[in-house]
Amino acid sequence: MTVSTTPMNLTRAAHVGISVSDLDASITFYRALTGREPSVANETMHSVPFGHSQGLSTARLRYATFDLDNIGIDLIEFREPVGERTEGAANRPGSMHLCLKVDDFDTVYRRMKEAGYDFLGEDYTFIAGEVTPDAALGTQVAYFNDPDGTNLEIIRPEGGFSN
């Protein structure tokens, strides 16, 4: 694919869409994770043209939306056509992650572990020699997955990671 270098000036995110296998289970997970109720829950859509807009033959789905302070999370359960799990490991091109910013990393991380969240590894704090710019030193991160394997992160950012 060749893309023009002409700036499109797209600078604001509206939402992130996450395909899920079981909308009810995902609502339960994201409700606990965010501490919020979905603003839209268990809504449906069935549209051949909408499916075509996504490169699919049709789109019959259920969805829910969680509104965070600065972005929405749309959970989408495709019932037709049903997709296969992506197994989107962090190092696979095309995979992505949703990063959630926290103020008190140690408290949130401890509470999540006590609540049974299964982190992919131990929490990590960036140190000198591992990351640039130096202003990012001290950033704390931990990674985990939602029930369908979507990559999620909590972060207490410093310097270069604080945007």
- Within a reach of under 6.0 Å around CZ of R111, are more than 12 heavy atoms found that belong to other residues, nucleotides or ligands? no
- Of all heavy-atom pairs linking A14 and I71, the shortest is O-CG1, 3.9 Å
- Any chance you could measure R79, atom CZ, to S21, atom OG, to the nearest 0.5 Å? 11.5 Å
- Message: So F78 and L56, do their side chains get closer than 4.5 Å, heavy atoms only?
- Response: yes
- Rounded to the nearest 0.5 Å, the CD1 atom of I76 sits from the CD1 atom of I73 at a distance of 12.0 Å
- Message: Using the ring centroid of each side chain, check whether Y117 and Y109 are separated by less than 6.0 Å.
- Response: no
- Task: Output yes when a side-chain donor or acceptor of T139 lies under 3.5 Å from a complementary backbone atom of E158, and no otherwise.
- Result: yes
- Are any of the side-chain heavy atoms of L33 and L152 separated by less than 4.5 Å? yes
- Ionic contact status for D24 with R62, cut-off 4.0 Å: yes
- Query: Could R31 and E37 be called an ion pair, given the rule that one side-chain N must be under 4.0 Å from one carboxylate O?
  - Reply: yes
- Item | Cationic N near anionic O, under 4.0 Å, D123 to R110 | no
- Message: Is it the case that the side chain of S53 and the backbone of F50 share a donor-acceptor pair, with hydrogens and angles ignored and the cut-off at 3.5 Å?
- Response: yes
- Query: Would a 4.5 Å heavy-atom cut-off, applied to side chains only, mark Y63 and E77 as touching?
  - Reply: no
- Message: Can you tell me how the ring of F29 sits relative to the ring of F144, calling it parallel under 30°, perpendicular over 60° and tilted otherwise?
- Response: tilted
- Task: Might you point out which heavy atoms bring K101 and P157 nearest each other, and give the distance in Å?
- Result: CE-CG, 3.7 Å
- Message: Please determine whether residues I127 and F105 belong to a single hydrophobic cluster, defined as Ile, Leu, Val, Met, Phe, Trp and Tyr linked transitively by side-chain heavy-atom distances below 4.5 Å.
- Response: no
- Distance col, row E153:CD vs N151:CG, nearest 0.5 angstrom, shows 10.0 Å
- In one Ile/Leu/Val/Met/Phe/Trp/Tyr side-chain cluster, 4.5 Å: F119, F126: no
- Task: Could you go through the side chain to side chain contact (heavy atoms under 4.5 Å, CB included) check for D146 and I18 one step at a time?
- Result: CA-CA 10 Å; D146 77 1; I18 301 173; 3.9 Å; yes
- Given side chains that start at C-beta, do those of L98 and T150 come closer than 4.5 Å, heavy atoms only? no
- Does the pair T58 and H46 meet the rule for a side chain to side chain contact (heavy atoms under 4.5 Å, CB included), with working shown? CA-CA 7 Å; T58 189; H46 187 187; 3.7 Å; yes
- Out of curiosity, does V102 fall in the hydrophobic cluster containing V16 (side-chain heavy atoms, cut-off under 4.5 Å, transitive links)? yes
- Item | Side-chain (T132) to main-chain (D134) donor-acceptor, under 3.5 angstrom | no
- Task: I would like to know whether Q140 and I155 meet side chain to side chain contact (heavy atoms under 4.5 Å, CB included); could you show each step before the answer?
- Result: CA-CA 6 Å; Q140 293 175 279; I155 188 170; over 6 Å; no
- Separation between CG (L137) and OG1 (T125), nearest 0.5 Å, reads 10.5 Å
- Taking atom CZ of R85 as the centre, does the number of heavy atoms from other residues, nucleotides or ligands within less than 6.0 Å exceed 12? yes
- Heavy-atom side-chain proximity of F66 to V40 below 4.5 angstrom: no
- For side chain to side chain contact (heavy atoms under 4.5 Å, CB included), just list the numbers for M112 and I154, CA-CA rounded to whole Å, side-chain angles, deciding distance to a tenth of an Å, and then say yes or no. CA-CA 10 Å; M112 290 178 72; I154 56 170; 4.1 Å; yes
- Do other residues, nucleotides or ligands put more than 12 heavy atoms under 6.0 Å from the CG atom of D104? yes
- Query: Can you find a pair of side-chain heavy atoms, one from N145 and one from L120, that are under 4.5 Å apart?
  - Reply: yes
- Item | Heavy-atom side-chain proximity of D22 to P147 below 4.5 angstrom | no
- Item | Distance (rounded to the nearest 0.5 Å) between R60 CZ and T44 OG1 | 9.5 Å
- Query: Which pair of non-hydrogen atoms, one from A41 and one from A64, has the smallest distance, and what is that distance?
  - Reply: CA-CB, 4.0 Å
- Task: Answer yes or no: is there a side-chain heavy-atom contact under 4.5 Å between S57 and V48?
- Result: no
